[in-house]
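Everything numeric in this text was worked out from a predicted model, so none of it was measured. When a ligand or atom number is given, it counts from 1 through the structure's own listing order.
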Amino acid sequence: MSAFTYIHQSLHCEQRSLKSLALECGTPLYVYSKQALIENCRAIESAFGDIPHLTTYAVKANSNVHLLKIIAAQGLGADVGSKGELFLALQAGIAPDKISVSGVGKRDDEIEYALENNVSAFNVESEQEIDVLNSIAGRMGLKAKILLRLNLDIDAGTHAYISTSKKQNKFGVASSRAVEVLDRAQRLPNIEVRGIHSHLGSQITNVEAFVAAAKALKVIIERLRANNIPVHDLDFGGGFGVNYHGFITHSQLPTESSEGKHLTPSGFIGAVLPILKETECNLAIQPGRTIVATAGVLLTEVLYRKESSDKTFVIVDGGMNDLIRPSLYHAYHQIVPLELTNASSSSVDVVGPCCESGDFFAQDRALPHVGRGDLLAVMCAGAYGFVLSSNYNARLRAAEVLVDGASWTRIRERETLDKLLD
Ligand code: LLP
């Protein structure tokens, strides 16, 4: 059962009324469900059945340390993309041997910090990075374990800004060069070649792209082994899409398209597992969005309702600095009132207070009539929400709250004005 449901016309997270949280903590406010987070972790783990694997949660999707602790308690590791993310993963109690380090631009101090902390592997993205890693590890008297990230030149059909495995993207090394690059790497004294990695992109809704990637990786692994290059580990990355449409249905809410309803972790993982298994590698995946997106909402209050000749604007107190996904990727998030009043629906733009026309949460969206003081929930905002927030317009970052049953805790304080002086 979804953790976000209407109870007596009032939207709840588990057993807690979201209105009560908005009144107590103010808006904009991120609210997460512990139950949903745990269920999302379990859905991924159970999709593997009894096949050994490691799920390393992509910390970039949401790096709140309190959420990381819950994810760690489910047995997941972490994939980190910066020193800060590694620090948070360690603080959350994730064992270093369950932490991989990704990223196309790792700084020397980040490499040192990761080596000092004995992470399980570096997913490397260029020959120069391998050389730098070799020399830093040498200086520290260590050996760095690497997986080469391959650019498979597969079009996963996602938004251009979050597509990572087409040849014109900055990520990885062309698969045609895998043998040459890894053969050279395995001769370096402070490098241990462990295997290969690919990550196609994010919010991928087409399972065929993942199947094509799995097949391509299997062929590359055979080629590498035929060239005496060991491939023990295969990290398949993340990118599994979630359903942003029609997350909540109710007779008083406009019907949303049911586009993408079939997307499930077991669907994605089940499709590729038979192929990946045949490689006899240690398998890893790095899901981010699948774990946190549906576990979080952004609450915002309506400040004004403004009619222009063409449009009705619902102006809310949350903006692109709080949740940038609609502005950056034209991403869709369902928006619903916290209290249902039987009001009829009409088409509106839900816009924020920032001084940009691109500051919107929804355009031409059917929404039950809301006015000043009403509260809205922007659904499925747990991934790439708070982590991408900023102080644009010197606006203060939102607070974050975690709900567990009927109780809740503040897991991040709302910023205060003095933060703007730092
Ligand atoms: N592994 C690597 C190396 C990644 O770069 C990413 C995401 C992931 C795993 C996790 O991907 P996921 O399972 O979350 O799709 N800000 C964008 C998404 C950027 C994704 C960046 N990399 C958005 O809001 O849609």
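Between A383 and ligand 1 there is no heavy-atom distance shorter than 4.0 Å. Not a single heavy atom of L328 sits under 4.0 Å from any atom of ligand 1. Taking 4.0 Å as the cut-off, G239 counts as a neighbour of ligand 1 on heavy-atom distance.
With ring centers used as reference points, H197 lies 6.0 Å or more from F171. Checked against the 6.0 Å centroid threshold, Y304 and F313 do not count as a close aromatic pair. Taking the ring centroids of Y332 and H245, they lie under the 6.0 Å cut-off.
Defined by atom type and a distance below 3.5 Å, a donor-acceptor pair is missing between the side-chain atoms of N123 and R149. In the model, Q334 has no side-chain atom that pairs as donor or acceptor with a side-chain atom of Y244 under 3.5 Å. In the model, S120 has no side-chain atom that pairs as donor or acceptor with a side-chain atom of D97 under 3.5 Å. Looking only at atom types and distance, the side chain of E415 has a donor-acceptor partner in the side chain of N391 under 3.5 Å away. No side-chain N or O of D322 forms a donor-acceptor pair with one of S389 less than 3.5 Å apart. For E400 and H66, the side-chain atoms include no donor-acceptor pair closer than 3.5 Å.
The residue Y161 has no part lying near ligand 1, judged by heavy-atom distances below 4.0 Å. Under 4.0 angstrom from ligand 1, the non-hydrogen atoms of A58 all belong to its side chain.
Here is the list of ligand 1 atoms found below 4.0 Å of a heavy atom in P287: 13 (O). Near L388, with a cut-off below 4.0 Å to any heavy atom, the atoms of ligand 1 are 16 (N). Applying the 4.0 Å criterion to heavy atoms of R149 picks out, from ligand 1, the atoms 3 (C). For ligand 1 and K60, the ligand atoms under 4.0 Å from any heavy atom of the residue are 2 (C), 4 (C), 5 (O), 6 (C), 7 (C), 21 (C), 22 (N).
Across the listed options Q286, Q203, H199, H199 owns the non-hydrogen atom lying nearest to atom 6 (C) of ligand 1.
Looking at ligand 1, you'll find an N or O of G288 within less than 3.5 Å of one of its N or O atoms. Annotation: T290 places no N or O atom under 3.5 Å from an N or O atom of ligand 1; distance criterion only. Polar contact with ligand 1: present for R289 (N/O pair, distance under 3.5 Å).
Closest protein heavy atom to atom 17 (C) of ligand 1: Y329 OH, 3.0 Å. Closest protein heavy atom to atom 15 (O) of ligand 1: S202 OG, 2.4 Å. Nearest to atom 20 (C) of ligand 1 among the protein's heavy atoms is Y384 OH, 3.5 Å. Protein heavy atom in closest approach to atom 24 (O) of ligand 1: R325 NE, 2.6 Å. The protein non-hydrogen atom at the shortest distance from atom 19 (C) of ligand 1 is I162 CG2, 3.7 Å.
Under the 4.0 Å criterion applied to side-chain N and carboxylate O atoms, E180 and R177 are assigned as salt-bridge partners.
Of the possible donor and acceptor atoms, none in the side chain of N62 sits under 3.5 Å from a partner among the backbone N and O of A383.
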